K.L.:
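Here it is, the structure, as structure tokens.
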Amino acid sequence: MEGCGISRDEAMALLVGNISNIALRRHCLAAGAIMRNLAVRLGHASEAGLWEVTGILHDLDYEQTSSDPAVHGTVTCSMLRDRLPEESLHAILSHNAENNGSSRESLLDSLLTAAECVTGLVTATALIYPDRKLAGVEASSVIKRMTKTGFARNVSREGIMECEKAGLPLAEFMDISLESMKSIADDLGL
Ligand SMILES: [Fe+2]
């Protein structure tokens, strides 16, 4: 399990058990795939499993906290305490820093936020193609939409730019994100 207290299978079971919305499950899967590849790219290959599980589980409390965004992330951390390392719990907490009073401090904090934000922009871009598939989407097309504020307006561009705080230029981050999502396109329904 590469140092992770939760296997991918168990993370998937937790996801299915706590999240009923299929689009939200897919968002979590996409974030996990991106996190796995970011770990490899950034020299943390031995933690790729942990980073993936962190991505899969980051929104675990989303449906139970939907009426109170101030505790989104906090509840997940309570659920997973002693199951994930502190660095993963903090990344999960701080992906909602804007609402729960935490702050992003580590590389992992910034990368999880960037990964979970970019999934929305990539998905929205795929959906404007005639076949509504990821296969024909290029990273440059997604990057072009970063500046179109009316497009996928609920996707935080600032969140995506957290990649650069982690030392990864946007173009490279977008390449990794897109390739990660393409690698599980069937699971994402894209
Ligand atoms: Fe999320």
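Counting convention: from 1, in listed order, for ligands and their atoms alike. Small disclaimer: the values here were computed from a predicted structure and weren't measured.
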K.L.:
If the threshold is 4.0 Å, N to carboxylate O, is there a salt bridge linking K144 and E138?
P.N.:
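Not counted as a salt bridge, because no side-chain N and carboxylate O are separated by less than 4.0 Å.
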K.L.:
Could you tell me whether the side chain of N21 and the main chain of L24 form a donor-acceptor pair under 3.5 Å?
P.N.:
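Checked: pair present.
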K.L.:
Please calculate the OD2(D59)-the Fe ion (ligand 1)-OE1(E116) angle and round it to 10 degrees.
P.N.:
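Result: 160°, to 10°.
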K.L.:
Strictly below 4.0 Å, N to O, side chains only: are R157 and E162 in salt-bridge contact?
P.N.:
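No.
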K.L.:
Looking at R81 and E86, is any side-chain nitrogen of the basic one under 4.0 Å from a carboxylate oxygen of the acidic one?
P.N.:
yes
K.L.:
Is the Fe ion (ligand 1) less than 2.8 Å from at least one N/O/S atom of H58?
P.N.:
yes
K.L.:
Please find out if the Fe ion (ligand 1) and some N, O or S atom of C117 are separated by less than 2.8 Å.
P.N.:
no
